[in-house]
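Structure, as structure tokens:
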There are 2 protein chains.
Amino acid sequence: MSDKIFVSAEEVARKAGVSRSAVSRAFTAGASIAPETRRKVMEAAEALGYHVNHLARGLMRNESGIVCLVVSDMGTPYRSALIKALTQQLQNAGKIAMIVNTDRSDERVDMALRQAIRYRADASIVLSGMPDKSLVDLCVRNGQRLVLINRDDEHQGPLRINLDEEDTAQSVVTAFLRAGCRRLAFANSEAGTPSLMAREVGFVAVAREQGLDVTVERFGPTGYESGKVLAQRLMTRRERPDAVFCVTDLVALGFMDAARHQFSLSIPQDLCVVGFDDIPQAAWNSYDLTTFSQPIEEIATAAVAWLMSDDVGQSQSLRLNAPFVWRRSVRSA
Amino acid sequence: MSDKIFVSAEEVARKAGVSRSAVSRAFTAGASIAPETRRKVMEAAEALGYHVNHLARGLMRNESGIVCLVVSDMGTPYRSALIKALTQQLQNAGKIAMIVNTDRSDERVDMALRQAIRYRADASIVLSGMPDKSLVDLCVRNGQRLVLINRDDEHQGPLRINLDEEDTAQSVVTAFLRAGCRRLAFANSEAGTPSLMAREVGFVAVAREQGLDVTVERFGPTGYESGKVLAQRLMTRRERPDAVFCVTDLVALGFMDAARHQFSLSIPQDLCVVGFDDIPQAAWNSYDLTTFSQPIEEIATAAVAWLMSDDVGQSQSLRLNAPFVWRRSVRSA
DNA sequence: ACCACTCTTGCACGGCTTTGCAAACTTCTT
DNA sequence: AAGAAGTTTGCAAAGCCGTGCAAGAGTGGT
């Protein structure tokens with residue numbers, strides 16, 4: 001390997017006939033430098049292929065420009081869409097995203113935060129799993145911003161972004177009732193994430209208020225395959241449900257496929273289905289799934305805005321709305 | 001903000017009653033240090049919440065541990081799966097992934113590589129777009145490894161990973177012929193990426209060898225919606241095709257949905273469809289799409305292996321196989 | 001011609017780590 | 001008990017950049 005390695009500010013300075021500090025200033029917005037000097041520096045830099053070393057800059061400024069995204073299941077439509085939005089917005093804000101994949105083992109979330117600390121990330125955004133309290137404290141103590149998305153727990157310090165699912169259950173139950181459904185079911189995974197569990201609990205509660213019982217089934221990870229299994233379980237019951245609320249779109253799509261292809265049911269005639277997330281596939285013609293739309297852009301905007309703002313300590317908990325999206329998987333009145 | 005900020009090796013050294021270099025060695029694998037000393041250091045570090053500053057370490061070692069992923073359309077199933085595999089494997093190799101989102105504007109790929117240089121990334125992996133030749137040279141000259149995935153062009157220096165699609169066209173044409181199809185079509189996007197165009201050209205060529213003509217249609221970006229439009233265009237032709245090879249699974253799925261729901265065609269009875277990528281959705285019951293499987297894990301493994309190896313300069317161009325996956329969207333003999 | 005100002009620029013230090021080198025310490029041999 | 005051989009440790013330099021400070025350059029007024 002031709003270990004010439006990178007060009008340093010020193011060399012640029014020599015070539016431009018100025019001091020090294022001049023080079024530094026040329027690349028610092030708002031620094032006191034004559035336009036002419038800056039031009040000379042930029043020219044020399046361009047010629048040599050110089051690029052400011054952000055590692056060193058981060059060292060000095062105590063601000064690396066790195067934001068760490070902690071995430072699992074990133075092959076999933078919802079997760080990948082969120083990552084996309086976040087990286088985009090971070091870049092617009094002049095930051096850069098570092099990704100830590102925490103697939104399998106929750107303990108890896110802690111490793112991820114450690115990694116973020118090592119690289120002196122300005123902030124971390126946790127999309128999956130649940131970091132240990134002590135780690136969260138460590139981050140905060142180190143002046144690192146922390147955003148927890150859809151992990152509603154009771155940590156202090158970080159910004160917590162959650163969905164306001166107050167009306168969710170109400171909307172679904174109302175829709176099912178209006179469609180004439182009476183035998184309700186909830187299809188959940190076994191992940192047990194707080195937000196997923198809250199969805200189940202809320203739905204069951206509202207249904208009960210209306211005097212309806214809900215059959216709850218839980219199985220496997222939160223994905224398409226689990227949806228199929230859940231359909232097999234629910235549709236072979238004595239009292240076959242005529243409406244099912246699936247914890248997630250992926251689950252709902254698996255459910256629909258099994259209901260149609262294995263049980264020859266028509267949707268929405270024989271069965272009404274509602275999902276959650278509004279992933280692109282939910283809108284595909286084969287499914288046309290009624291669901292709730294995750295406000296992905298808003299989440300990303302809020303997260304980035306918060307971690308760019310100077311005044312920490314302001315509103316620490318944010319609730320966003322997931323609008324109901326009417327499609328054809330539920331009979332209309 | 002409580003600007004205590006991060007703990008430094010200095011403080012750990014003081015607390016452990018050793019020198020600063022001892023702390024450094026304690027955190028360096030294979031360094032010459034007494035077990036007892038290391039224990040003392042680790043204890044003090046744990047107590048203070050010390051973490052090695054990778055920015056400074058990278059500065060010294062001339063090896064940041066960062067690998068930059070340059071990608072657009074990361075919300076897409078294929079891309080996100082690839083990112084997932086890459087981040088995973090990079091982590092296993094002790095590296096960390098930095099993501100640069102290059103959605104819209106190809107010029108952004110250059111910005112991305114610049115960003116990679118600024119952070120002194122050990123390597124960059126380009127999944128989308130086409131970097132400018134001068135930038136590639138700059139990276140290589142700076143000792144940065146570069147991997148180009150599915151961007152078959154003629155750059156020198158970087159590792160190029162491409163699919164061997166020699167047999168692809170042959171397989172598809174054979175399958176269509178065996179299914180009794182005679183009016184072939186190719187549904188392409190307007191993206192014009194080399195690998196996508198190669199697919200089209202290869203298919204047309206092989207079909208022609210067999211004495212069959214291919215209707216080629218191109219439209220929009222490479223996605224589900226374009227597939228629908230392409231179906232509308234191809235299916236309203238005088239000579240309606242009875243078999244279509246879609247440049248991508250997403251296009252194929254859109255095509256299928258439009259064919260079924262807008263033209264009431266049955267697949268595979270009235271129309272045979274083949275896609276490319278084998279995204280999870282292709283296996284969903286509603287589609288059951290015959291396609292080619294992108295060897296995602298192999299790609300990731302090869303990329304990471306190459307950028308970890310000491311001897312650069314070895315095999316610079318790699319061709320992997322995308323196995324044919326038989327499903328139900330093509331009639332069997 | 002001189003002074004008061006403002007704008008630029010260079011010096012030198014600081015931020016945090018790694019590592020070559022030589023000194024200090026162990027351990028063991030003879 | 002002294003010396004050889006091997007380990008461990010601290011010192012100091014190096015890696016690259018940002019910035020306070022003070023000196024220098026330029027401007028304009030009188």
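Every chain is numbered from 1, with letters handed out A, B, ... down the list of sequences. All values below were derived from every heavy atom in this structure, side-chain atoms included, with hydrogens, water molecules and symmetry-related copies excluded.
When the side-chain nitrogen and oxygen atoms of A:Thr37 are compared with OP1 and OP2 of C:dT9, one or more of them lie within a distance under 4.0 Å. Checking the phosphate oxygens (OP1, OP2) of D:dC17, no side-chain nitrogen or oxygen of A:Arg57 falls inside 4.0 Å. The phosphate of C:dT19 (OP1 or OP2) has no side-chain N or O of B:Arg25 nearer than 4.0 angstrom.
A ring-centre distance under 6.0 Å is not found for A:Tyr50 and A:Phe6.
Note: CZ (B:Arg14) to C1' (C:dC16) measures 14 Å, nearest angstrom. Rounded to whole angstrom, the span from the CG atom of B:Asn62 across to the P atom of D:dA14 amounts to 15 Å. The interatomic distance linking A:His51 (NE2) with D:dC17 (P) rounds to 12 Å, in whole Å. Counting to the nearest Å, the C1' atom of D:dG15 and the CG atom of A:Leu59 are 10 Å from each other. The NZ-P distance, from A:Lys40 to C:dT8, rounds to 13 Å in whole Å. Atom CD of A:Glu36 and atom P of C:dC7 are 18 Å apart (whole Å). Regarding A:Glu10, its CD atom lies at a distance of 13 Å from the C1' atom of C:dC11, rounded to whole Å. In this structure, A:Met60 places its CE atom 11 Å from C1' of D:dC16, rounding to the nearest Å.
With hydrogens and angles ignored, a donor-acceptor pair under 3.5 angstrom links the side chain of A:Arg20 to the base of D:dG18.
In this structure, a donor-acceptor pair under 3.5 Å is absent between the side chains of B:Gln115 and A:Gln91. A donor-acceptor pair shorter than 3.5 Å can be found between the side chains of A:Ser19 and A:Ser21. A side-chain donor-acceptor contact under 3.5 Å links B:Arg79 and B:Ser128.
Along DNA chain D, the nucleotide nearest to B:Ser21 and the one nearest to A:Ala56 differ in position, and the one closer to the 5' end is contacted by B:Ser21. Comparing B:Ile33 and A:Arg61 by the nucleotide of DNA chain D whose heavy atom lies nearest to each, the residue mapping closer to the 5' end is B:Ile33.
Checking D:dT9, D:dC17, C:dT17 against every side-chain atom of A:Ser24, the shortest atom distance belongs to D:dC17. For A:Thr28, the listed nucleotide lying nearest its side chain is D:dG18; candidates were D:dG18, C:dT18, C:dC11. Looking at the side chain of A:Ala34, the nearest of the listed nucleotides C:dT8, C:dT17, D:dT9 is C:dT8.
Residue B:Tyr50 is classed as a sugar-phosphate contact, given heavy-atom separations below 4.0 Å to backbone atoms only.
Residues A:Ile299 and A:Ile161 come closest through the heavy atom pair O-CD1, 3.8 Å.
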